[in-house]
Protein chains: 2
Amino acid sequence: MKERSGMVTIIDVAKEANVSPSTVSRVLNDTGMISPATVEIVYQAVKKLGYEPNVLARSFRKKETRTILILTPNMTNPYYSNILSGISDMSREMNYSSFICNTTAGTAQVKEMLNMLPKHRADGVILLASEMGETWLRDFSENYPIVQCSEFDPDIQIPHVSIDNYKAAVEAIHYLIRIGHRKIGTISSTNRYLSTQLRMQGYKDALIEAGIEPEERFIANAGKDYSYASGCLAANQLLSQPDPPTALFCISDVLAMGAINTAKKIGLRVPQDVSVIGFDDVEQTAMFSPQLTTVAQPCYALGQKCAELLLKNLARGESISKETILPHKMVIRESTASRAV
Amino acid sequence: MKERSGMVTIIDVAKEANVSPSTVSRVLNDTGMISPATVEIVYQAVKKLGYEPNVLARSFRKKETRTILILTPNMTNPYYSNILSGISDMSREMNYSSFICNTTAGTAQVKEMLNMLPKHRADGVILLASEMGETWLRDFSENYPIVQCSEFDPDIQIPHVSIDNYKAAVEAIHYLIRIGHRKIGTISSTNRYLSTQLRMQGYKDALIEAGIEPEERFIANAGKDYSYASGCLAANQLLSQPDPPTALFCISDVLAMGAINTAKKIGLRVPQDVSVIGFDDVEQTAMFSPQLTTVAQPCYALGQKCAELLLKNLARGESISKETILPHKMVIRESTASRAV
DNA sequence: TTCCGTCGTGCAATCGTTTGCATAAACTCA
DNA sequence: TGAGTTTATGCAAACGATTGCACGACGGAA
């Protein structure tokens with residue numbers, strides 16, 4: 001790699017254009033009044049010298065990085081990667097860059113990464129998937145711009161964007177009941193996400209509302225990781241008991257796929273013997289066979305919205321509304337079938 | 001959000017510790033000689049005031065951002081997201097941050113993003129999936145540190161990390177031949193990736209080596225996007241002809257899944273009637289049914305290696321070796337079966 | 001004691017922009 | 001024509017860290 005050709009600064013441009021650095025700066029930033037003639041001259045000098053403003057110097061002076069931090073527990077999971085994609089694209093659209101960081105290691109790592117804000121390495125942060133009970137977050141949010149995506153803690157009023165998980169669950173169960181199911185199980189999780197709690201509540205309430213008493217034996221918990229393997233395990237527990245459920249509401253698509261493959265292994269046909277509903281609607285649900293019936297979350301839009309809220313606050317000082325709910329949608333495909341009542 | 005409590009600078013720390021700012025700087029950076037006593041005093045002052053160095057000022061002065069740029073055509077595709085994850089984790093380990101940018105819009109967008117380097121917004125760049133023929137890249141690489149992941153152009157000598165695609169394809173075809181297949185088709189793509197070209201060459205050479213003449217009618221091209229839908233289309237073309245192939249070598253797992261589901265739709269059983277091999281070994285291959293036989297790429301490690309090479313160059317001035325090949329691996333699962341000869 | 005090398009520290013310049021203030025020129029309007 | 005206003009520009013001081021250079025103190029060798 002050859003030595004970078006002597007960096008050209010705003011001073012060089014000023015000299016070339018026979019004006020002061022201030023004027024060049026004003027032209028480039030379109031701030032202050034400058035005559036059209038000068039503008040033209042400056043642009044020509046910029047072009048002639050191939051000047052590129054030093055973002056570092058600019059950021060330093062203006063005390064803004066035009067960069068946001070995104071913390072995600074995982075970036076290979078399609079649910080998160082779609083959100084990340086939404087955030088990322090919207091950021092660029094609004095002339096911001098974004099640092100995406102895995103925080104697999106949990107709270108300690110989150111805290112460590114959040115230090116980027118006091119260090120002036122980022123202007124604001126979007127948190128994906130924070131668990132409940134992190135009260136220290138409130139203090140942090142009083143000092144720095146922050147938006148939470150999908151998950152939040154109702155007791156800690158931090159601006160957040162999500163879907164209505166309770167309603168979504170209720171709708172899913174209603175649908176199963178409507179097509180004739182009475183013995184409806186669920187594969188939930190032991191994590192501390194609000195969404196998990198709300199979906200469980202929706203599941204129970206919808207059953208009760210229909211006059212069906214929720215049964216403990218129809219409820220199974222997958223691991224915190226929402227992994228395929230733990231979906232298999234949970235499904236096995238539910239389906240291999242005597243008088244098993246005829247329908248399963250899973251709180252994620254991956255879990256649902258595990259459930260379906262497990263059902264097949266046990267010798268049950270999906271959807272003829274058991275119906276399965278997933279949650280999220282990640283791409284692979286349509287490639288899976290049978291194609292998954294699921295509750296679709298607008299992941300990409302969720303991400304976009306988070307970025308939009310945060311950046312409008314950063315760039316224009318607009319305050320961030322505490323709660324934004326985006327619409328979900330039941331997508332009925334092949335993994336559910338009606339049952340003669 | 002309340003006003004950030006008056007930022008504390010290195011000068012405040014210096015005052016508190018009764019030393020000069022230079023000394024504080026030297027303590028914090030562990031550069032130059034300072035007495036243990038002073039070190040102690042400075043650290044106490046830092047702690048007492050809750051001082052966080054202003055990264056912006058530091059970067060500006062040192063002319064380094066400790067940030068790398070990663071350009072990917074897509075971040076939701078699990079193949080890429082695993083690489084990104086590897087890069088990302090390794091960067092953090094080496095105390096660097098990374099900007100991840102989608103460059104869906106193609107070359108123009110790549111060029112635009114690469115401008116972050118002359119603008120001093122990043123110190124180096126990792127390119128995922130560059131197509132061949134981008135000769136302007138050579139000039140760029142002479143001025144800035146750059147590493148290419150997976151794809152590169154042999155005519156443009158830029159440091160790169162990848163697997164041996166030719167050999168991998170040859171192995172896959174050998175395997176199919178060994179288990180009794182003679183009519184072997186391939187689903188390739190019309191993109192301009194070197195990997196595509198090499199895999200095609202490997203496919204043909206392996207057949208010829210085994211005394212089988214490659215037939216045009218056994219070769220189909222999916223779209224440039226490697227999408228599921230285009231995999232379905234290509235498979236349909238291949239399998240619905242008279243005397244169809246008994247095995248399919250697909251250049252990506254998603255394509256393979258499309259092929260398998262299409263085969264099923266046509267009424268062919270996989271693997272009994274037709275064997276299918278994928279490429280990449282993304283997570284979902286194991287959740288798919290039948291589980292996919294495929295050529296595994298070490299995506300995460302690929303990413304790690306790229307980051308390691310780039311960062312060692314950035315941080316320690318080590319030169320980057322032009323070519324790094326990581327091992328691939330055939331993973332035999334359920335989508336292939338031997339055929340009575 | 002004198003000389004020299006090493007150690008520990010401070011001074012002040014510097015990095016490239018932005019921006020508050022001052023000012024000169026050009027207009028407006030009575 | 002002169003006073004007041006607007007327009008266009010330059011000057012110089014920041015921003016917060018790092019770092020080359022200088023200097024005093026100290027220790028050991030001659």
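Chain letters run A, B, ... following the sequence lines, proteins first and then strands; every chain starts at 1. Remember, predicted model here, so these are calculated numbers, not experimental data. No hydrogens, no waters, no symmetry mates; every other heavy atom, side chains included, goes into these values.
- Distances were taken from every side-chain heavy atom of B/N54 (C-beta onward) to each of D/dT19, D/dA13, D/dG16; the shortest belongs to D/dG16.
- The side chain of A/R26 approaches D/dC11 more closely than any other nucleotide in the set D/dC11, D/dG16, C/dT17.
- Between the CZ atom of B/R66 and the C1' atom of D/dT18 there is a distance of 15 Å, given to the nearest Å.
- In this structure, CZ of A/R61 is placed 8 Å from P of D/dC15, rounded to the nearest angstrom.
- B/S25 comes within contact range of at least one nucleobase, with a heavy-atom separation under 4.0 Å.
- Among the protein residues, B/S22 comes within range of the nucleic acid bases, having at least one heavy atom under 4.0 Å from a base atom.
- Residue contacts shown for B/S59 are absent, as no nucleic acid heavy atom lies under 4.0 Å away.
- Residue-to-nucleotide proximity on DNA chain C shows that, of B/P36 and A/I10, the 5′-proximal contact is made by B/P36.
- In this structure, A/F60 forms no aromatic stack with the base of C/dT17, since the conditions of centre separation below 5.5 Å and plane angle below 30° are not both met.
- Between A/L56 atom CG and D/dT18 atom P there is a gap of 13 Å when expressed in whole angstrom units.
- Test A/S88, A/P298, A/C299 against A/I83 for side-chain contact (heavy atoms from CB on, under 4.5 Å) and you get one pass: A/C299.
- Heavy atoms only, all atoms of each residue included: A/F152 and A/M132 are closest at O-CG, 3.7 Å.
- Out of C/dG16, D/dT18, D/dG16, the shortest distance to the side chain of B/R58 is found at D/dT18.
- Minimum interatomic distance between A/P21 and A/I11 (heavy atoms only, all atoms of both residues): CG-CG1, 4.4 Å.
- Listed pair B/T9 / D/dC15 fails the phosphate criterion, with no side-chain N or O lying under 4.0 Å from OP1 or OP2.
- Side-chain nitrogen and oxygen atoms of A/S20 include at least one within less than 4.0 Å of the OP1 or OP2 phosphate oxygen of D/dG10.
- Here A/K63 reaches the OP1 or OP2 of D/dG16: one of its side-chain N or O atoms lies under 4.0 Å away.
- Closest approach of B/Y79 and B/S150 over heavy atoms only: OH-OG, 2.8 Å.
- Whole-Å rounding puts the A/I11 CD1 to C/dT17 C1' distance at 9 Å.
- Per the geometry, CE belonging to B/M33 stands 11 Å off C1' belonging to C/dG5, to the nearest Å.
- Side-chain contact between B/K63 and A/M7 is present, with heavy atoms from C-beta onward closer than 4.5 Å.
- Each of B/Q148, B/K322, B/E151, B/E323 was checked for a side-chain hydrogen bond (donor to acceptor under 3.5 Å, both in side chains) with B/H160, and the lone residue meeting it is B/E323.
- Heavy atoms of A/V19 sit under 4.0 angstrom from primed sugar atoms or phosphate atoms, though from no base atom.
- Rounding to whole angstrom units, NZ of residue A/K62 and C1' of C/dG16 are separated by 13 Å.
- Between the CG atom of A/L28 and the C1' atom of C/dG16 there is a distance of 13 Å, given to the nearest Å.
- Here A/S35 reaches the OP1 or OP2 of D/dT9: one of its side-chain N or O atoms lies under 4.0 Å away.
- Rounded to whole angstrom, the span from the CG atom of A/N29 across to the P atom of D/dA8 amounts to 18 Å.
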